[in-house]
Number of protein chains: 2
Amino acid sequence: MSSGEIKALVFDVFGTVVDWRTSISRQAAEFGAKHGVTADWDKFADDWRAGYGAGMAKVNSGEDEWKIVDQIHRERLEVILDEYGFPNINDDELTEFNKAWHRLDGWPDATTGLTRLKSKFIISSLSNGNIALLTNMAKYANLPWDAVLSAELAGKYKRHPRAYTKTAELLGLEYDEVMLVAAHNDDLRGAIKAGLKAALVTRPDEFGDAKKPDLEPDPDFNYFAKDFHDLADQLGCD
Amino acid sequence: MSSGEIKALVFDVFGTVVDWRTSISRQAAEFGAKHGVTADWDKFADDWRAGYGAGMAKVNSGEDEWKIVDQIHRERLEVILDEYGFPNINDDELTEFNKAWHRLDGWPDATTGLTRLKSKFIISSLSNGNIALLTNMAKYANLPWDAVLSAELAGKYKRHPRAYTKTAELLGLEYDEVMLVAAHNDDLRGAIKAGLKAALVTRPDEFGDAKKPDLEPDPDFNYFAKDFHDLADQLGCD
């Protein structure tokens, strides 16, 4: 039934398509200035991000009921604003600042690289970010998705296999007709384990000097590229 | 909490954005020629389409388990090919012809009108068509959606209220911040009943001479336009 031919590329988004750390750091600095708080805003971004994996793990384990990433971000935000000495901030302003994650800049090759890849393949997000977040981000960062798909539609977060297989099913494709593109080896291992193909695109600057990025692929990954244009070249896109 | 301001426009697709009848009739004529069958292909399109409402009604009533529109189309196709005297056709070819519904031409104003509306609003499909069908159609007909959403994600077909409310929730919006754009008054009534806003865009040629289109809005609809450009003008888009 399956040709094994790649028909869709599905993308991890945070870190792979967009530079979350610089974007959050910049917006946090503006927010801090408004409220008279000074801090290391790169570290603030890392501290905010630290709630993300923990929040999703509780959902996948069943300890917490399903909650979208906007909610995970919000709960973590309330903790760290206190730690960083922010004054009380009203609910509407918190909701708005929490949407900083909807306003992340693409890496320099994101829009042009995705546009090339789109000429030959279906391209879709496959992020843990919720649909609203991904839709607003696509508009903000000019990401030309054919479809906006998310772990939200599976009710399980990556690296749970269902997040990958549900996405392929929604696209009407066999698992091995879909390739995950990501900057993170553990995400790509999750895709391979679920039956998808895998392409590592390196993003050496994702974590600044806070953490080492993945720069070497596992041997069973299908492609290894330094950015989306390199991947487009290897996949024979114009 | 809700401003009541319109933030997203969600679109019925079959008949509102794309001209399904002419597109199916043309592809059916090609398919007939290949297999030595002659027929009134407009009528064939209407007969194929006739399975759609009946199939969805069985799902919403609980008589049938959830099935996507591709499957509803396929079951109906097997019945009418027999009625029209087609010879036996192999499974792969049937699957391919069934995807005629993924290859529907937009009305002349579809791409340019949606592009104008996209400059000011989030624009998304809200169709009973499944995600794969809508994604392939967007690529084929150059429909610049911000998000591709479907009743498939609610597990209930329009006019069930959940199809409308689930779409607003996935977009992170209050129901009255979302307006359905459709050529069909009953769909718009479903949206209003679910708490959304409603805009009738007339498509006088949708059914050819087989059936009368809706050309007059209910008094509680919010907008009434003759095409997407007229709607864009009324909504203050560039």
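All chains are named by letter (A, B, ...) in the order of the sequence lines, taking the proteins before the strands, and each is independently numbered beginning at 1.
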Is there a donor-acceptor contact under 3.5 Å from the side chain of B:K156 to the main chain of B:A163?
no
Can you tell me which portion of B:E152 sits under 4.5 Å from chain A's heavy atoms? Options are side chain, backbone, both or neither.
side chain
Most heavy-atom pairs under 4.5 angstrom with chain A, which of B:S125, B:S124, B:A132?
B:A132
Quick check: do B:F86 and B:L94 have side-chain heavy atoms less than 4.5 Å from each other?
no
Does any backbone or side-chain atom of B:I122 lie under 4.5 Å from a heavy atom of chain A? Answer side chain, backbone, both or neither.
both
Does the side chain of A:R162 pick up a donor-acceptor pair with the side chain of A:T165 at under 3.5 Å?
yes
Quick check on B:L149 against chain A: is it the side chain, the backbone, both or neither that has a heavy atom closer than 4.5 Å?
side chain
Expected output: side-chain B:N60 to main-chain B:Y157 donor-acceptor under 3.5 Å:
yes
Contact class of A:L170 relative to chain B, heavy atoms under 4.5 angstrom:
both
Residue that, paired with B:N136, satisfies side-chain hydrogen bond (donor to acceptor under 3.5 Å, both in side chains) out of B:H102, B:K99, B:R103
B:H102
Against chain A, label B:D146 side chain, backbone, both or neither, depending on which of its atoms sit under 4.5 Å from a heavy atom there.
both
